[in-house]
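In the text below, chain A, chain B and the rest are named by the order of the sequence lines, each starting its count at 1. Every value quoted in this text rests on a predicted model; they were computed, and no experiment measured them. Computed over heavy atoms, backbone and side chain alike; hydrogens, waters and symmetry mates excluded.
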Protein chains: 2
Amino acid sequence: MKKVRLADVAKVAGVSMKTVSNVVHNYPHVTPEMRRKVQLAIDELGYKPNLTARRLATGKTGMIALAIPEIDHPYFSELSRYIAEEASLRGYRVLVEQTLNNLAAEQAVLNDREAGLVDGVIFHPVRMQSMDIAMLRRDVPLVLLGESTMPVTADHVMIDNVAAARDGVRHLLAQGRRRIAFLGLVAGDITGSTDQRLLGYQQGLLEAKMPLDPHLVFSAPDFSPEDSAEAVQRALASGISFDGIICRDDRFATGALHALRNAGSRVPEDVAVVGWDDTELGRWAAPSLTSIAPDKRELAATALEMLGERIDGLQGIGRHRIVSHSLSIRESAPAGAPVLL
Amino acid sequence: MKKVRLADVAKVAGVSMKTVSNVVHNYPHVTPEMRRKVQLAIDELGYKPNLTARRLATGKTGMIALAIPEIDHPYFSELSRYIAEEASLRGYRVLVEQTLNNLAAEQAVLNDREAGLVDGVIFHPVRMQSMDIAMLRRDVPLVLLGESTMPVTADHVMIDNVAAARDGVRHLLAQGRRRIAFLGLVAGDITGSTDQRLLGYQQGLLEAKMPLDPHLVFSAPDFSPEDSAEAVQRALASGISFDGIICRDDRFATGALHALRNAGSRVPEDVAVVGWDDTELGRWAAPSLTSIAPDKRELAATALEMLGERIDGLQGIGRHRIVSHSLSIRESAPAGAPVLL
DNA sequence: GATCCAACTTACAGCGCTGTAAACAACCTG
DNA sequence: CAGGTTGTTTACAGCGCTGTAAGTTGGATC
């Protein structure tokens, strides 16, 4: 089957190309008769506009790129879903790029060796610092996600990580937990995300006049549940005791759950566990995870809105938006009567 | 910052556009001196080729669309990851389209009202039947995923669902399970996927001369863990007893796990549970899920390979490829000594 | 030194669409 | 009925790149 072009339709309908184009775009000033005639030709030939040509002519691609570390990370896959939905609401299609926690891949996203592919980029960096991002001269609107430290050259959406971590700690304290651990340091994670969460953790403890024990801050070599399980196991093995733990994400919390179970600790009786991201992974864990819940829908909507404004030409330094978060309380750290120790 | 075009570089370097293009494309027959001169101009101006223009000129987009029901379904998000990786290996970028278990959205994917956006489509239908797919005249290469019933008009990759289900049943039988349930019917799921799994389930029982009890086939109103939990709970409540259950996917199995736990049944002691898809959700469930494991990497690679061949012009009727599967054995249905009942 | 060849470079016509400006038509005014 | 309006359609020049065919150059050949 040959490709049908606008010109072909025009010839068959006996009108100019532009009139066909007008019909395709539902331009109002076309006489009904003309419209009918053109539509007939379109249907007869099975004409479909060539998007690439349209893009070249208009300079708009109607596409945005979403660059995330891993598409199958529960948080990112859920976030992707909302971004995809919000994007489609606004007439955009989404091109997904995985950076796989890899610095070079992150740089490649911004360094775009090609142009004209997408109208804008939503990017969640893990390895790049905001300074690095600022250094690159870009020519595509960019919205940053995650906890990178306040870049001035791009818009940015995040939740208040300090407050969120504090909320988690408060929740544990309210149940009577007294030795609360933090699981979240990851080697090579220099985005400041962990810093902020750690800060909130400290604030939470300090405001309750609790001591700050550095032994209670665990770190893992990488982002997987396996790594986190190992970190918790090592802590347990070295005799460190704790009755609550707040984890940098649900994956980590899931790993912690496993390690605790293997060690014979009961959750939440012996140790209460708080996750982060409120993902399906945590909702269906056993016990189900209490988790800090960023409003992902709002996050996605805000990112798209800001990106849209930039695409529409808005200039100026980077704006920062905080979206709301809450605490989804489930079995691993229930609310209610404090546990007796 | 103004857009830099090929012509601008050519002017600065004092050569023709085509020579610049040759340098950009690493065309071998360019003298080193010329290459240097051009590269200098490219760097100085910060030239980036415009992909849209390139596409229009070449007719290739270098993009494929991946149309799946839900990007945040564990199976699909993991599959997406492999598809993205395999695609990038082959120089393709991936455009993700969610169909959200919605017939109209699935039709829209194939009905493409526009052309020239992608070179090919990988599509996992849930609501469309292969007849529907065959009816539509398409002009883009298409590879189907999942268990749709053997379309003749498009290539197709799947695992042997009948055999896989049978393997699951055999595994349960080998442990001494005698009342094995199947959880998988979903209203409106007409892809035949469930049919095949159900068939395998029956074959597994028959070859062991086990009776086939229709009460042991559970159905859920939709695809979520909530729905599945409810289905299992209802079965339990109505007094149906079973000591093994095989579920249409890990999400369903996760729901089943919850329902069983709430009902006080121990897994695997009282009921052994087998999931399907071998996702992270199941790997970190408690107890961790034994699950039928399609080789997702192979699935992705095969789909891309077939699509690539079609894109390169291969004609002919739809081909069908079966990729391998295995059984990932974990806590919910361990191997080893049969359970005494 | 004339001839030929291979290696390199250039000019230019598209790819299929849209925006602009201009042309044309029909309809009002006064 | 000339002149002004509004409404509708057309012609055509790009958008930025690549493929083709034609041109140029330097050196090997006899």
Side-chain angles (χ1 to χ4, degrees), chain A residues 1-39 41-42 45-63 112-119 139-140, chain B residues 1-39 41-42 45-63 112-119 139-140:
Chain A
M1 170 170 22
K2 279 269 295 302
K3 283 273 179 330
V4 183
R5 301 179 327 260
L6 199 58
D8 301 326
V9 179
K11 196 182 301 170
V12 168
V15 301
S16 79
M17 278 167 57
K18 192 62 221 267
T19 297
V20 179
S21 170
N22 285 340
V23 170
V24 169
H25 286 279
N26 262 309
Y27 178 72
H29 299 303
V30 178
T31 53
E33 184 209 2
M34 182 94 353
R35 189 181 299 279
R36 201 187 45 75
K37 195 164 65 176
V38 171
Q39 190 60 53
I42 289 179
L45 298 177
Y47 169 71
K48 296 179 181 174
N50 179 316
L51 273 202
T52 301
R54 176 131 91 208
R55 287 173 177 187
L56 183 56
T58 60
K60 290 278 172 197
T61 70
M63 283 199 335
D112 32 357
R113 297 222 41 76
E114 309 120 346
L117 181 61
V118 294
D119 294 334
D139 10 39
V140 173
Chain B
M1 170 173 18
K2 279 267 298 297
K3 281 272 178 331
V4 183
R5 300 179 328 260
L6 198 58
D8 301 326
V9 179
K11 197 181 300 171
V12 169
V15 300
S16 78
M17 279 168 56
K18 192 63 221 267
T19 297
V20 179
S21 169
N22 285 340
V23 171
V24 170
H25 286 278
N26 262 308
Y27 179 72
H29 299 303
V30 178
T31 53
E33 184 209 1
M34 181 93 356
R35 190 180 299 279
R36 201 187 46 75
K37 194 165 64 176
V38 171
Q39 190 61 52
I42 289 178
L45 298 177
Y47 169 70
K48 296 179 182 176
N50 179 316
L51 273 202
T52 301
R54 176 130 92 208
R55 287 172 177 189
L56 182 56
T58 60
K60 288 278 172 199
T61 70
M63 285 200 333
D112 32 356
R113 295 222 43 75
E114 309 119 346
L117 180 61
V118 294
D119 293 335
D139 11 39
V140 174

So CG of D119(A) and CE of M63(A): to nearest 0.5 Å the spacing works out to 8.0 Å
With the side chain defined as heavy atoms from C-beta on, P49(A) is closest, among dC17(C), dT10(D), dT9(C), to dC17(C)
Of the listed dT18(D), dG7(D), dG16(D), the closest approach to the L6(B) side chain comes from dT18(D)
From CG of L117(A) across to P of dG16(D) the rounded distance in Å is 16 Å
Against the side chain of M34(A), the closest entry in dT9(D), dC15(D), dC8(C) is dT9(D)
In whole angstroms, the gap separating P of dG19(D) from OH of Y27(B) amounts to 11 Å
Separation of dC15(C) atom C1' from L51(A) atom CG, nearest Å, is 15 Å
dist T61(B):OG1 -> R55(A):CZ (nearest 0.5 Å) comes out at 9.0 Å
Rounded to whole Å, CZ of R55(B) lies from C1' of dC17(D) at a distance of 13 Å
Contacts of V20(B) and T58(B) projected onto DNA chain C by closest heavy atom; the upstream (5') one is V20(B)
Considering only heavy side-chain atoms of T31(B), the closest of dT10(C), dC8(C), dT9(D) is dC8(C)
Between CG of N26(A) and P of dT18(C) the distance, given in whole Å, is 13 Å
Between CD of E33(B) and C1' of dT9(C) the distance, given in whole Å, is 13 Å
Any side-chain N or O of S21(A) below 4.0 angstrom from OP1/OP2 of dT18(C)? yes
Of the listed dG16(D), dC8(C), dT18(C), the closest approach to the H29(B) side chain comes from dC8(C)
Picking from dT9(D), dG16(D), dT18(C), the nucleotide nearest the side-chain atoms of M17(A) would be dT18(C)
Ranking dG16(D), dC17(C), dT9(C) by distance to the side chain of A57(A), first place goes to dC17(C)
Among dC17(C), dT18(C), dG16(D), the one nearest any side-chain atom of R5(B) is dG16(D)
Between K18(B) and A7(A), whichever has its closest DNA chain C nucleotide further toward 5' is K18(B)
Taken to the nearest whole Å, NZ/K37(B) to P/dC8(C) is 15 Å
Which of dC15(C), dC15(D), dC17(C) is nearest the side chain of L56(A)? It is dC15(D)
When rounded to whole Å, the CG to P distance for the pair N22(B) and dC8(C) reads 11 Å
- Query: Quick one: do R5(A) and D8(A) make a salt bridge, cutoff under 4.0 Å?
  - Reply: yes
